[in-house]
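Chain A is the first sequence line, chain B the second, and so forth, proteins listed ahead of strands; every chain is numbered from 1. Any value given below was found using the heavy atoms of this structure, including those in side chains, with hydrogens, waters and symmetry copies removed.
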Amino acid sequence: MLDLDTVRTHPRRVQEALRAKGTGSPDLVDTLLEVDETRRRAITELQEAQARQNDLSQQIGTLKREGKDAEAEAIIEQTSALKETIKRLEDEVQAAEEKQEALVLKLPNLPHPSVPVGTDEDDNEVEETFGEKPAFDFEPAPHWDLAARHALVDLERGAKVTGSGFPFYLGKGARLQRALLNFFLDRARERGYTEMQAPLFVNPESAKGTGQLPDKDDLMYDIPRDDFYPIPTAEVPVTNFHRDEILSADDLPRQYCTYSPCWRREAGSYGADVRGLNRLHQFDKVELVRIVHPDESYRALDELLADAESALDALGLPYRRLLMCTGDMGFTQAKVYDLEVWSAAQERWLEVSSVSNFEAFQARRMQIRYRPEPEAKPELVHTLNGSGLAFPRVLAALLENNQQPDGSIELPEALHPYTGFARIGRDE
RNA sequence: GGAGGGGUGACCGAGUGGUCGAAGGUGCUCGCCUGGAAAGCGAGUGUGCCGUUUUCGCGGUACCGAGGGUUCGAAUCCCUCCCCCUCCGCCA
């Protein structure tokens with residue numbers, strides 16, 4: 001959510017953001033400012049009426065205490081018209097506030113000046129590529145073939161039991177998942193994150209806080225009977241942990257890491273890119289969340305990026321870093337990097353992490369504030385998050401990139417203490 | 001799921017219709033005291049919104065879990081919902 005004051009003072013900047021992100025119409029800003037005008041006028045009128053009412057009520061109280069009931073009655077008679085006025089103005093204010101709230105929620109975050117302007121993924125900037133793509137003197141198999149050959153993943157039975165995109169992992173596949181979980185969490189903890197286990201369902205208020213509602217509601221599954229949403233990312237419960245709180249300056253920064261499954265409806269996805277583990281309805285992820293002082297958030301973004309990248313480095317996977325353009329970044333973000341891992345058999349880059357600075361956009365919705373000095377007015381914090389990392393595509397890349405001529409898979413050394421085995425498909 | 005108790009400021013905790021944004025305490029800030037500290041003493045210390053103001057600020061209004069209602073007037077009375085605690089039931 002944007003600050004109304006920003007919209008009032010820099011309407012053109014907001015309109016530019018709407019255009020750059022390709023969301024909503026620029027008229028939104030004008031409509032919003034009109035509603036704001038109406039709202040403020042109504043509030044002023046209402047408060048004047050309330051002041052009169054308070055004054056009269058106080059007089060009545062005084063008169064009654066002095067036993068001057070007749071005089072009190074005379075004043076009470078005057079109040080009935082005022083009562084109606086107040087009722088009417090209250091309704092007006094409420095209507096205007098609701099209208100305004102709905103409009104404000106449609107305004108996306110302003111992109112940071114360093115973000116390239118663009119319309120779609122083709123305009124994202126490849127900032128840097130890391131590691132060497134593996135070369136094979138045989139035809140490398142895609143991960144779904146490798147997973148089937150070694151019985152690591154069973155999508156068919158997952159589809160039977162639940163539906164497509166809900167995999168079973170078994171044997172070394174399951175153990176590898178568990179190894180990734182511990183590997184990522186241990187690394188995050190060593191890098192200064194507090195480990196957390198979060199609820200996997202959230203209420204609508206939380207989904208609104210991080211920006212999944214109202215605009216991205218078809219991303220999530222929902223449980224209408226109890227008014228819950230299975231989380232599409234642990235960002236939602238973890239960031240909402242501090243919702244409606246005023247932290248002291250000493251409490252900042254807060255850094256949390258958590259493992260969770262994530263559920264996404266992925267409505268409208270289809271085609272060859274969804275094969276195997278490329279796109280699932282349920283997947284596992286370690287998420288990193290930072291809540292920081294506003295002056296620190298871009299330094300924190302760099303650190304967060306380094307945290308995510310270091311995990312890929314440790315796994316020896318080739319990857320590249322993309323700076324997302326205005327048209328391809330999300331509604332809530334001010335600046336986003338994507339990390340994409342090289343998938344050697346598919347010969348594609350697969351997104352395994354998205355690292356974002358939301359500045360105060362989420363914090364304003366969630367009312368997460370901090371007090372700069374003991375007696376000072378509270379101010380909004382900045383929030384950031386990044387995957388560290390998403391499992392399925394990491395798994396896909398591990399299988400594809402590390403496959404051997406005999407079809408076995410050599411795992412990177414960093415994982416050995418976690419898996420308890422060094423390879424898949426030999427010495428079994 | 002059943003029965004009972006309860007949700008008040010950063011925290012604890014008074015307050016059952018008017019002068020209550022709310023006693024008292026703790027914490028915190030500033031000052032006094034001290035060689036320094038503790039203790040003690042004094043003053044201050046909520047948030048949002050609207051208006052006003054070049055700054056400090058000032059005026060108004062709302063907020064005592066949420067939403068509705070009664071009343072000239074609600075933290076206080078009534079209704080609905082949410083959450084927490086205790087006991088019972090069920091259960092990993």
Side-chain angles (χ1 to χ4, degrees), chain A residues 1-9 32-105 197 199-209 213 223-229 237 240-252 254 261 291 360 363-381:
Chain A
M1 192 159 76
L2 286 182
D3 182 15
L4 249 185
D5 209 48
T6 306
V7 186
R8 279 189 209 121
T9 47
L32 175 60
L33 290 178
E34 280 166 33
V35 172
D36 180 47
E37 199 57 41
T38 311
R39 184 190 119 258
R40 286 196 286 170
R41 207 167 36 237
I43 285 177
T44 305
E45 276 184 56
L46 171 63
Q47 293 188 345
E48 280 166 5
Q50 285 171 326
R52 260 178 280 143
Q53 185 187 51
N54 287 343
D55 183 47
L56 292 178
S57 292
Q58 212 159 359
Q59 287 182 37
I60 292 165
T62 309
L63 289 171
K64 288 221 170 172
R65 229 169 300 114
E66 291 168 355
K68 299 173 180 168
D69 282 13
E71 286 176 49
E73 282 304 319
I75 296 178
I76 288 174
E77 278 173 37
Q78 293 176 34
T79 59
S80 66
L82 194 54
K83 248 184 117 173
E84 280 173 36
T85 308
I86 288 173
K87 182 78 194 131
R88 177 177 58 78
L89 288 168
E90 277 176 348
D91 291 345
E92 271 180 40
V93 168
Q94 199 191 340
E97 277 176 351
E98 281 169 11
K99 209 165 159 187
Q100 179 171 309
E101 164 90 352
L103 288 169
V104 170
L105 286 174
Q197 282 199 23
L200 303 179
F201 296 172
V202 293
N203 59 33
E205 200 51 37
S206 296
K208 186 178 152 192
L213 289 179
I223 302 176
R225 181 169 170 180
D226 297 291
D227 214 10
F228 292 144
Y229 297 91
N240 274 280
F241 184 69
H242 289 295
R243 172 148 56 87
D244 295 320
E245 289 183 15
I246 300 173
L247 306 167
S248 80
D250 300 343
D251 291 331
L252 299 177
R254 311 248 58 160
I291 296 175
R364 187 169 294 107
R365 288 191 179 197
M366 283 182 281
Q367 286 299 300
I368 304 179
R369 294 174 291 175
Y370 76 102
R371 213 180 283 283
E373 300 289 332
E375 310 256 321
K377 273 182 89 66
E379 290 175 21
L380 294 166
V381 299

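If you check every strand for non-hydrogen atoms under 4.0 Å, A:Arg39 touches sugar and phosphate atoms only. In this structure, A:Lys377 reaches the sugar-phosphate backbone alone: every heavy-atom distance under 4.0 Å involves primed, P, OP1 or OP2 atoms, never a base. Using a 4.0 Å heavy-atom distance criterion, A:Gln78 is classed as making no nucleic acid contact.
The nucleotide B:C87 finds its pairing partner in B:G2, both defining distances of the Watson-Crick or G-U wobble pair being shorter than 3.5 Å. Nucleotide B:C20: unpaired (no Watson-Crick or G-U wobble partner with both distances less than 3.5 Å). Across the strands present, B:C49 finds its partner in B:G60; the criterion is a Watson-Crick or G-U wobble pair with both atom distances under 3.5 angstrom. Base pairing of B:A75 is not made with any nucleotide, judged by Watson-Crick or G-U wobble geometry with both donor-acceptor distances under 3.5 Å. Partner assigned to B:G9 is none, using Watson-Crick or G-U wobble distances below 3.5 angstrom. Pairing partner, B:A38: none, since no Watson-Crick or wobble contact has both distances short of 3.5 Å. Remark: B:U54 base-pairs with no nucleotide in the shown strands. Criterion, Watson-Crick or G-U wobble with two distances under 3.5 Å. With a cut-off of 3.5 Å on both Watson-Crick or G-U wobble distances, the partner of B:G44 is given as B:C28.
Spacing of C1' atoms, B:U8 relative to B:C64, comes out at 4 Å, to the nearest Å. Separating the C1' atom of B:G67 from that of B:G51 is a span of 29 Å, rounded to the nearest Å. B:G46 and B:G5 have their C1' atoms separated by 29 Å, given to the nearest Å. Atom name C1', nucleotides B:G9 and B:G18: the rounded distance is 22 Å, in whole Å. Atom C1' of B:C78 sits at a distance of 23 Å from the matching atom of B:A22, rounded to the whole Å. Comparing the C1' positions of B:G59 and B:A75 gives an interatomic distance of 25 Å, to the nearest angstrom. Of the P atoms belonging to B:C81 and B:U71, the separation is 23 Å, rounded to the nearest Å. Rounded to a whole angstrom, the distance from the C1' atom of B:G17 to that of B:G73 is 8 Å.
In terms of position along RNA chain B, the nucleotide closest to A:Ile43 lies nearer the 5' end than the nucleotide closest to the other residue of the pair A:Ser80 and A:Ile43. Across the interface with RNA chain B, nearest-nucleotide mapping of A:Ala51 and A:Leu4 shows A:Leu4 to be the residue nearer the 5′ end.
At whole-Å resolution of the value, CG in A:Leu46 and C1' in B:C49 are 11 Å apart. The nearest whole Å value for the distance from the CG atom in A:Asp91 to the C1' atom in B:G68 is 13 Å. Separating the CD1 atom of A:Ile75 from the P atom of B:C72 is a distance of 14 Å, rounded to the nearest angstrom. Separating the CD atom of A:Gln47 from the P atom of B:A62 is a distance of 8 Å, rounded to the nearest angstrom. Atom OH in A:Tyr370 sits about 18 Å away from atom P in B:A10, given to the nearest Å. Protein atom CZ of A:Arg52 is 16 Å distant from nucleotide atom C1' of B:G73, rounded to whole Å. At whole-Å resolution of the value, NZ in A:Lys87 and P in B:C72 are 15 Å apart. Whole-Å rounding puts the A:Gln367 CD to B:G46 P distance at 18 Å.
Within the structure, a side-chain polar atom (N or O) of A:Arg371 is placed less than 4.0 Å from OP1 or OP2 of B:U47. Residue A:Arg369 places at least one side-chain N or O under 4.0 Å from the OP1 or OP2 atom of B:G48. Residue A:Asn54 has a polar side-chain atom (N or O) positioned under 4.0 Å from OP1 or OP2 of B:A62.
Applying the 3.5 Å distance criterion, the base of B:G18 shares no donor-acceptor pair with the side chain of A:Gln58.
Closest to the A:Ile60 side chain, of the nucleotides B:G69, B:G18, B:G73, is B:G18. Looking at the side chain of A:Arg8, the nearest of the listed nucleotides B:G73, B:G48, B:C50 is B:C50. Considering only the side chain of A:Ser57, B:G73 comes nearest among B:C50, B:U47, B:G73. Residue A:Lys64 places its side chain closer to B:G18 than to any other of B:C50, B:G48, B:G18. For A:Arg40, whose side chain is taken as the heavy atoms from C-beta onward, the closest listed nucleotide among B:G51, B:G69, B:U47 is B:G51. Residue A:Thr44 has its side chain nearest to B:G51 when only B:C72, B:G51, B:A62 are considered.
The two residues A:Ile291 and A:Leu252 make their nearest non-hydrogen contact at O-CD2, 3.6 Å. Counting all heavy atoms, side chain and backbone alike, A:Val35 lies closest to A:Ala96 at CG1-O, 3.5 Å.
The pair A:Glu45-A:Arg41 fails the salt-bridge criterion, with no side-chain N (NZ, NE, NH1 or NH2) lying under 4.0 Å from an Asp/Glu carboxylate O. Ion pairing of A:Asp36 with A:Arg39 is present here, as a side-chain N (NZ or NE/NH1/NH2) and a carboxylate O approach within less than 4.0 Å. A salt bridge is absent between A:Arg52 and A:Asp55: the closest approach of a Lys/Arg side-chain nitrogen to an acidic carboxylate oxygen does not fall below 4.0 angstrom.
Side-chain N/O atoms of A:Glu90 and A:Gln94 include no donor and acceptor closer than 3.5 Å. Side chain to side chain, A:Ser57 and A:Asn54 fail the donor-acceptor criterion of an N or O pair below 3.5 Å.
More than 12 heavy atoms of other residues, nucleotides or ligands lie within 6.0 Å of CD in A:Glu97, so this atom counts as buried by the packing criterion.
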